[in-house]
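Below: the structure, in structure tokens.
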Amino acid sequence: MLQNFIICATSVIPSVIYLTIGIVLKVCKVVTEDEVKRFTRMTFVALYPFMMFDNLYGKNLAESFNVWLVVLAVGFTFFQIASSWGLVSVIEKDSKNRGAMIQGMWRSNIVLMGLPVGIHIFGKACVAPVAIVLLVVVPLYNVMAVILLEIMRGGKANPGKLLKGVFTNPIIIGAIAALVVIGLGIQLPVIVSQTVTTLSDATAPIAMILLGASLKLESISSDRGKLAVVTIGKLVIYPLLGILLAAFLGFRGVELGAILLMVATPTALASFAMASSMGSNGRLAGEIVVFTTIISCVTIPIWLFILMTIGLI
């Protein structure tokens, strides 16, 4: 049991260290807020495709792909969206706050925290199910967030822009490139594959440091009630329901871990930028990212420890 606890605790220690480095850099004014935004954008565009490519290339996707895992991931995401929408609509009357809170309860940071934790727990060679879930839910997150925020500000989502946003997403570009290479049976030269792996390995540390530098701890003020609702839903209620459903349906090991990392990771940093640019409460969205990121460094190891102790992963 102690060994399980150590494994689970160490799974988030790198993320905590990277976040701390980012916070220190921001406090010491090594980087400005504008620089953090530019570097974050650069990392997203230049490095995320390599991370996604590397986590799919070389894997036997036919063996790793489980259609029922994908169905569960998509179905549970829609359940999260519908239930959080209904709950927040009852307890919060301001539509600007509603948009930030609703997406905060289901839009997970599976890319920055889920995938690295999955690699730590299961090993890079076995993490394909996590990457497949990521490949499916990230476009869904983006599309549904746009629809949600447009509705909340009284607008109407443009289908053409939604599709363009999906297929120009760097994560999706990297995944499509990997699927093309795998489908055509192309064997990359060693020097190329090694370079891709190096860039992939650099992505999470750089992105997490930038996330730490973007956190605004001083902004958490009058929204404690809203933050509590979103955080409990995001990191406790939905992970519990997702784990119970996945276990009941027979998922075990890395596939159950993939569902856990989908539902238990903190709110995605992109939710802050999207809320700010689409007329929602950007300040509240940022507070949600900060709060859920900090608390998840405790809750994720707890969930992993429980599942490992009872032998489900």
Side-chain angles (χ1 to χ4, degrees), residues 71-110 114 133 136-159 161-163 165-166 216 219-246 259-296 299 303:
V71 169
L72 174 59
V74 172
F76 194 79
T77 298
F78 277 116
F79 164 74
Q80 289 179 283
I81 295 170
S83 57
S84 60
W85 202 318
L87 172 64
V88 173
S89 295
V90 170
I91 65 176
E92 176 58 49
K93 302 307 178 185
D94 189 327
S95 60
K96 289 186 176 182
N97 293 340
R98 282 180 178 179
M101 292 175 68
I102 293 169
Q103 72 161 345
M105 291 181 73
W106 51 263
R107 196 173 182 185
S108 293
N109 200 352
I110 188 174
V133 168
V136 172
V137 299
V138 167
L140 181 59
Y141 287 161
N142 291 335
V143 169
M144 294 308 298
V146 170
I147 293 174
L148 163 71
L149 295 174
E150 281 290 357
I151 291 175
M152 288 299 159
R153 71 176 178 180
K156 190 175 182 180
N158 185 311
K161 288 184 177 180
L162 290 176
L163 287 175
V166 169
K216 297 181 179 179
S219 66
I220 300 172
S221 53
S222 60
D223 297 319
R224 292 185 181 88
K226 299 179 183 66
L227 291 172
V229 170
V230 174
T231 302
I232 292 171
K234 181 73 190 72
L235 301 180
V236 179
I237 304 300
Y238 284 135
L240 176 62
L241 295 177
I243 291 167
L244 289 176
L245 179 59
I259 295 298
L260 167 65
L261 295 173
M262 181 190 83
V263 297
T265 43
T267 304
L269 179 60
S271 64
F272 163 67
M274 189 171 288
S276 299
S277 64
M278 295 186 66
S280 187
N281 188 335
R283 177 182 56 80
L284 177 59
E287 291 173 353
I288 289 170
V289 172
V290 173
F291 221 66
T292 56
T293 299
I294 293 171
I295 302 300
S296 71
T299 56
W303 287 118

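Here the shortest heavy-atom pairing between Ala268 and Ser108 reads CB-O, 3.7 Å. The heavy-atom pair separating Leu87 from Met105 by the smallest distance is CD2-CE, 4.1 Å.
Residues passing the ring-ring contact (aromatic ring centres under 6.0 Å, His included) test with Phe79, sequence neighbours excluded: Phe76. The side-chain contact (heavy atoms from CB on, under 4.5 Å) test applied to Ile102 returns Ser84, Trp85, Val88, Arg98, Trp106, Leu148, Met152, not counting sequence neighbours. In terms of the side-chain contact (heavy atoms from CB on, under 4.5 Å) criterion, residue partners of Thr77 (sequence neighbours excluded) are, by chain and number, Gln80, Ile81, Val137, Leu140, Tyr141, Met262. Under the side-chain hydrogen bond (donor to acceptor under 3.5 Å, both in side chains) criterion, Ser83 pairs with Tyr238, not counting sequence neighbours. Annotation: side-chain hydrogen bond (donor to acceptor under 3.5 Å, both in side chains) contacts of Asn281 (sequence neighbours excluded): Asn97. Residues that satisfy the side-chain contact (heavy atoms from CB on, under 4.5 Å) test with Ala264, not counting sequence neighbours, are Pro239, Leu260, Trp303.
Interatomic distance, Leu149 CG to Lys96 NZ, rounded to the nearest 0.5 Å: 12.5 Å. To the nearest 0.5 Å, atoms CG (Asn109) and OG1 (Thr293) are separated by 6.5 Å. Summarising the geometry, atom CD belonging to Gln103 is positioned 4.5 Å from atom OG belonging to Ser271; distances are rounded to the nearest 0.5 Å. With rounding to the nearest 0.5 Å, the separation of CD1 in Ile232 from OG1 in Thr299 is 12.0 Å. The NZ atom of Lys226 sits 5.0 Å away from atom CD of Glu92, with the distance rounded to the nearest 0.5 Å.
Within the 4.5 Å cutoff, the side chain of Leu227 has heavy atoms near those of the Ile288 side chain.
Between the side chain of Lys234 and the backbone N or O of Val263, at least one donor-acceptor pair lies under 3.5 Å. No donor-acceptor pair under 3.5 Å is formed between the side chain of Ser280 and the backbone N or O of Ala275. A distance-only check finds a donor-acceptor pair linking the side chain of Thr292 to the backbone of Thr267 [under 3.5 Å].
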